[in-house]
Colleague: 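Before I ask anything, here is the structure I am working with.
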2 protein chains.
Amino acid sequence: MQDSKIRNMEEFAAISGISRPTVSKYFNDPASVRKSTRDRIEKALEEHNYRPNIYAINQNRRTSKSIGVVVPYLADPFFAEMARHIERRCIAAGFWPILFSSHGETQLEIDILDSLLSLKPAGVLLAPLGRASDRRAVEKFCHDVPTVLFDSNLEGVGKAFVGSNNFHSIGLIVEYLCRTGEPPCFFEMPPVNPNANTRRHAYIRTMEALGHKAHVIHVEAQGWGFEEVGYSEGKKVISDGRLPTDTILCSNDRLAIGLLAAAYEKGMRVGRGPGFALRIAGHDDHPFSKFTSPSLTTIAQDYAAITEYSVETLFRLIETDSKNAERETKLFESRLVMRASA
Amino acid sequence: MQDSKIRNMEEFAAISGISRPTVSKYFNDPASVRKSTRDRIEKALEEHNYRPNIYAINQNRRTSKSIGVVVPYLADPFFAEMARHIERRCIAAGFWPILFSSHGETQLEIDILDSLLSLKPAGVLLAPLGRASDRRAVEKFCHDVPTVLFDSNLEGVGKAFVGSNNFHSIGLIVEYLCRTGEPPCFFEMPPVNPNANTRRHAYIRTMEALGHKAHVIHVEAQGWGFEEVGYSEGKKVISDGRLPTDTILCSNDRLAIGLLAAAYEKGMRVGRGPGFALRIAGHDDHPFSKFTSPSLTTIAQDYAAITEYSVETLFRLIETDSKNAERETKLFESRLVMRASA
DNA sequence: TAATTTTCTTTACGCGCGTAAATTTAAATC
DNA sequence: GATTTAAATTTACGCGCGTAAAGAAAATTA
């Protein structure tokens, strides 16, 4: 592979002995040219390392081969994992994923969608901020670009939503906790997205169904610093003796991680069985939940299934170009992960 | 702001009443046109929401306004934080950051650099995989694109390296640990990058300087799953009674988090003072280190300083277009963060 | 071998913008 | 108000590619 000085497709075509339009055809779909021509092009390609100029390619196309991936908060390993899965699948399908994080900020999310628009992406996978999202901006964007929402739903926005069935998962863990000890109270997360409310409702409903009194520990805090919220609010709640039960179900794992730290600092042993003062459970199976002290009992969302379905739904949308397809909602069931904390 | 059907700069120029070349000039640098014209353009901009086609813009440029940001492993919140800081600064400077994660894989890093090349970025900020990097591929890339390495150094590659002074930081914490209790042994991380070796050397040298015998706990494990390594290797080491001292300095926080989990499971209380069986310290001030149980004593790398200097160095390189500038190495000092674990 | 189908070549145009040169217009200086 | 200087306009070309149309060449079928 010589370090080539090929400037454009014209020159490359000349070298490979194939006409430029045919070479162009090859790059758009290698299978669209005869095998013998394909071989000649690929031979030249090995020797000269030419790649078409992406900017020139996309200038005339209505859409590019890129796919926007937007998550609300990338410093959260949960979303980092999601993004990783999605990236893989996109690449495997011949697309080019471009990752963005809204960093929890409304304006940044708007700006990202705005930039994305000018990238003419084939489609977008969006985990919106949620409550902090500018609904109208997102709506408008989804009108122009095939978009699949995941993780956090904005009712009616986008061509599809893929997420977890919070009612199922919360039901699972509440039932488990009730069965194995005191019924849990519910440690709320800041209401950044619909999941916050859905999980609280699911908790209340399940408790009522089981004939127990629900008890929600409300937090005033805002933003995405969940560990800090769990920690500081947790210390307060413990100090004030406001815990109505020895079992706490946290709205998500990061909150639980903070709460574990608070409990530790307050000298309360967390775990199940005699000798333990508190049971703490989370939700999401955060990548680090296995390594907390004690390890965290939680609900594992089906990362793989959610991302796979999201991406495949998007591909379907792209192919069928269905402007007026009906919006689809797909919820996956999660599974209980029993560890040491509850 | 009407939903406009403006197709190109020509049309927009007509509407704004300014000639197209001048409008083009405006978009390249608003300050380069007279205030009165700027106002007219911006007025039209408010009313018609036109944006130049990025693909057409970049087709003729030698470089684009985008800046590649490549980290080895985005599921590590340490890198997520780094990326976040970098993104901010790039945007503030009018550039367009594009984030990539190598996910710990050699081939992916190569592919990313390859794609990046065709994006004609103004510059690249690269935290290389390290040992797993294809040195020649990275070298070649750096030859074509102004690149600043950060976090992990590849000697001689790129126009600059910005990172932490491991000798200083390890010195700090070793000294602290020796002063306040038993001299530490050193729990190695998988040798994914030069930091692994540098930190081990720094540990050994500091111990010798202080007149203590160094003791390194070697791990066979590979890859970026540090928590798992710390956890499983930690359990083994504890079970086998291979701990030469009650104080363990981990090569990084994620390792320490795993080790904390192992210690907890083995019933060893971690902390300083009477009644504690083990002291554990880390390195990096991982975003979650504050919330481990007990909270982790560690070394805080100066995120802000490192990212700021990296970005500014890159901007300098871009501006001066210094093909043959001398390679610069800048190391920042870190600070000791005393928490409960040691 | 002739007829048909597929694939390739030739030729040509356009995409939306950057940018250079020559000219005109407006602002700043005296 | 005349002169200098700065900024806009007009005109024109080119970037690297997609793509359409018409005809030539190759592969396939009869």
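Residue numbering restarts at 1 for every chain, and letters A, B, ... go by the order of the sequence lines. Just so you know, these numbers come straight off a predicted model, no measurement behind them.
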Colleague: Show me the donor-acceptor pairs within less than 3.5 Å that the side chains of residues 80-87 of chain A make with the rest of the protein, sequence neighbours left out.
Modeller:
from, atom 1, to, atom 2, distance (Å)
A:E81, OE1, A:R84, NH2, 3.1
A:E81, OE2, A:R84, NE, 3.1
A:E81, OE2, A:R84, NH2, 3.3
A:H85, ND1, A:E81, O, 3.0
A:E87, OE1, B:H103, NE2, 2.8

Colleague: I want to check one thing: is the phosphate of D:dG18, taken as OP1 and OP2, less than 4.0 Å away from some side-chain N or O of A:Y55?
Modeller: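 No, A:Y55 has no side-chain N/O under 4.0 Å of OP1/OP2 on D:dG18.
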Colleague: Assess whether one donor atom and one acceptor atom, taken from the side chain of A:R20 and the base of D:dT19, lie less than 3.5 Å apart.
Modeller: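 Counting by modelled atom types and ignoring angles, a donor-acceptor contact under 3.5 Å is found here.
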Colleague: From B:L45 CG over to B:R51 CZ, what is the distance, rounded to the nearest 0.5 angstrom?
Modeller: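 It is 9.5 Å, given to the nearest 0.5 Å.
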Colleague: Just to confirm, is there a sub-4.0 Å distance from OP1 or OP2 of C:dC8 to any side-chain nitrogen or oxygen of A:T22?
Modeller: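 No.
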Colleague: How many whole angstroms separate atom CE of A:M9 from atom C1' of C:dC8?
Modeller: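 Answer to the nearest Å: 15 Å.
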Colleague: Which whole-number value in Å describes the distance from A:R61 CZ to C:dC17 C1'?
Modeller: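 Computing the A:R61:CZ to C:dC17:C1' distance gives 19 Å.
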Colleague: Given D:dA7, C:dC17, D:dA26, identify the nucleotide with an atom nearest to the side chain of A:R34.
Modeller: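 Looking only at side-chain atoms, A:R34 lies closest to D:dA26.
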Colleague: A:F315 and A:F95: aromatic ring centres closer than 6.0 Å?
Modeller: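 Between A:F315 and A:F95, the centre distance is under 6.0 Å.
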Colleague: Minimum heavy-atom separation for A:V148 to A:L317, with atom names?
Modeller: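 In this case the closest contact between A:V148 and A:L317 is CG2-CD1, 3.8 Å.
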Colleague: What's the closest nucleotide to the A:Y50 side chain, out of D:dC17, C:dC17, D:dG16?
Modeller: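 Nearest to the side-chain atoms of A:Y50, counting from C-beta on, is D:dC17.
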Colleague: What integer distance in Å separates A:E10:CD from C:dT9:C1'?
Modeller: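 Checked: the CD to C1' distance equals 12 Å.
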Colleague: Look at B:D39 together with B:K35 and state whether they make a salt bridge at an N to O cut-off of under 4.0 Å.
Modeller: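 Here B:D39 pairs with B:K35 in a salt bridge, since their nearest N and O are under 4.0 Å apart.
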Colleague: Return the value, rounded to whole Å, for the distance between atom CD1 of A:I41 and atom P of C:dT7.
Modeller: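 One finds 14 Å between P of C:dT7 and CD1 of A:I41, rounded.
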Colleague: Measuring from the side chain of B:I18 (C-beta onward, heavy atoms only), which nucleotide among D:dT9, C:dG16, D:dT19 has the closest atom?
Modeller: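 Closest nucleotide among those given: D:dT9.
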Colleague: Measuring from the side chain of B:A56 (C-beta onward, heavy atoms only), which nucleotide among C:dC17, C:dT9, D:dG16 has the closest atom?
Modeller: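 Out of C:dC17, C:dT9, D:dG16, the nucleotide with an atom closest to B:A56's side chain is C:dC17.
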Colleague: For DNA chain C, what residues of residues 24-31 of chain B have any heavy atom nearer than 4.0 Å?
Modeller: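 Residues of residues 24-31 of chain B that come under 4.0 Å of DNA chain C are, in numerical order, B:S24, B:N28.
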Colleague: Whole Å only: how far is the CG atom of A:N8 from the P atom of D:dC15?
Modeller: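 For the pair A:N8 CG and D:dC15 P, the rounded distance is 8 Å.
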Colleague: D:dC15 P sits how many Å from B:N53 CG, rounded?
Modeller: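 In whole Å, D:dC15 P and B:N53 CG are 19 Å from each other.
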Colleague: Could you check whether the rings of B:Y55 and A:Y55 sit parallel, tilted or perpendicular, using 30° and 60° as the cut-offs?
Modeller: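 Plane angle between 30° and 60°, so tilted.
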Colleague: Once you apply a heavy-atom cut-off of 4.0 Å, does B:T37 come out as touching a base, just sugar-phosphate, or nothing?
Modeller: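 The answer is sugar-phosphate, as B:T37 gets under 4.0 Å only of primed atoms, P, OP1 or OP2.
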Colleague: Rounded to whole angstroms, how far apart are NZ on B:K35 and P on C:dA26?
Modeller: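 Value for this atom pair: 19 Å.
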Colleague: What integer distance in Å separates B:I57:CD1 from C:dG16:P?
Modeller: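 So the two atoms are 13 Å apart, to the nearest Å.
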Colleague: Which nucleotide wins on minimum distance to the side chain of A:P52, given the candidates C:dC17, C:dC15, D:dC17?
Modeller: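 Shortest atom-to-atom distance from the side chain points to D:dC17.
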Colleague: Would you check if the distance from the ring center of A:F78 to the ring center of A:Y303 is below 6.0 Å?
Modeller: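 Under 6.0 Å, so yes.
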